[in-house]
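Written below as structure tokens is the structure these notes are about.
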There are 2 protein chains.
Amino acid sequence: MKESQALLAFAALSQDTRLRVVRHLVRAGPKGVPAGALAEGLSISPSNLSFHLKELDRAGIIAARREARSIIYTVNYDGLRGLIRFLLEDCCAGLADINLSPPASGAPRSSARKERANA
Amino acid sequence: MKESQALLAFAALSQDTRLRVVRHLVRAGPKGVPAGALAEGLSISPSNLSFHLKELDRAGIIAARREARSIIYTVNYDGLRGLIRFLLEDCCAGLADINLSPPASGAPRSSARKERANA
DNA sequence: TCTATATTTCAAGGAATATTGAAATATGAA
DNA sequence: TTCATATTTCAATATTCCTTGAAATATAGA
């Protein structure tokens, strides 16, 4: 994932309504949710939802398919995976000092120790 | 990590200058970088850098310590870890359908298959 | 074809963010 | 204390983003 793509994705997820859309879609799974139901579920106007859906789509975080009169939105798992990988590998863990376990008390030479020592 | 905290973090990382600051600090490691050197390295004005540093700090992504006349900035590893965990657990992988390996060709019932089938 | 439904697009205004340069604060040295 | 350095704060402007409501587009059924 290129940095510019990551910027788009972060921007997409940095807005309350859009984050709620994503979580809604994640819960729904691969079968997806039609735009109308989303707007209902989140209590926002169709036009406003549409604006945010376009943003999420542009960022590669969701996908759309038409089904009769409805447009069904789903999460784009590859897109989310790419963003997580960017955070882990390209952006932030060049140091390998990041693992996902909670900061263990007996952890060896973790930078978190230094931070606490400085507080 | 609360959703509101995640929103702050995404917003913090969704801006070009700030993402560059973070990557710079990650490269520097726990010893950190003084604000002046950061401004030089990124070719932005001290005042503008300061604005963005405050934003990153507010989001819990960096930490600061004073050392004589300089203020040394470091990445806050716990903060970044928290964000990655939010993406993996709280936000997006409730489905467990996300793992970090690239979409394998023989992967079982991955939603990516459905997406390609619909393209 | 005409009508109803589902959604998007567009334009306008309002709100939040980013950039700039000047002034303020904190530290250390002469 | 006075001066120089390192950084932040502030106010003004510029830019980008969000919301709203009205009009446009696409689909399906009578």
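Throughout, protein chains are lettered first and strands after them, A, B, ... in sequence-line order, and every chain is numbered starting at 1.
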If I take atom CD1 in residue B:I44 and atom C1' in nucleotide C:dT17, what distance separates them, rounded to the nearest angstrom?
15 Å
Without decimals, in angstroms, what is the distance between B:E40 CD and D:dT5 P?
14 Å
note: B:L7, atom CG; C:dA16, atom P; distance rounded to Å ~ 15 Å
Could you check whether B:S50 gets within reach of a base, just the sugar-phosphate, or nothing at all, counting any heavy atom under 4.0 Å?
base
Atom-pair distance (CG on A:L49; C1' on C:dT7), nearest Å:
9 Å
If I take atom CG in residue B:L8 and atom C1' in nucleotide C:dT17, what distance separates them, rounded to the nearest angstrom?
14 Å
When rounded to whole Å, the CZ to P distance for the pair A:R65 and C:dA6 reads 17 Å
Nearest heavy-atom neighbours spanning B:A9 and B:L83:
CB-CD1, 3.8 Å
Protein-nucleotide distance (A:L56, atom CG; D:dC17, atom P), rounded to Å
14 Å
For D:dA6, does OP1 or OP2 lie under 4.0 Å from any side-chain N or O of B:Y73?
no
Does the side chain of B:L88 reach to within under 4.5 Å of the side chain of A:I84, using non-hydrogen atoms?
yes
Nearest 0.5 Å please: distance from the CG atom of B:L7 over to the CE atom of B:M1.
10.5 Å
Salt bridge check: are A:R23 and B:E3 linked by an N-O gap of less than 4.0 Å?
yes
Once you round it to whole Å, what is the distance between C1' of C:dT9 and CD1 of A:I71?
12 Å
Nearest heavy-atom approach of B:A39 to B:L49 is N-CD2, 3.6 Å
Atom pairs and distances, donor-acceptor, side-chain atoms in residues 52-60 of chain B, under 3.5 Å, two or more places apart:
| residue | atom | partner | partner atom | Å |
| --- | --- | --- | --- | --- |
| B:H52 | ND1 | B:R18 | NH1 | 3.1 |
| B:H52 | NE2 | B:N48 | OD1 | 3.3 |
| B:E55 | OE2 | B:R58 | NH2 | 2.9 |

Letter per nucleotide, 5' to 3', of nucleotides 18-30 of chain D [B base touched, S only sugar-phosphate touched, - untouched; heavy atoms, 4.0 Å]:
BBBBB---SBS--
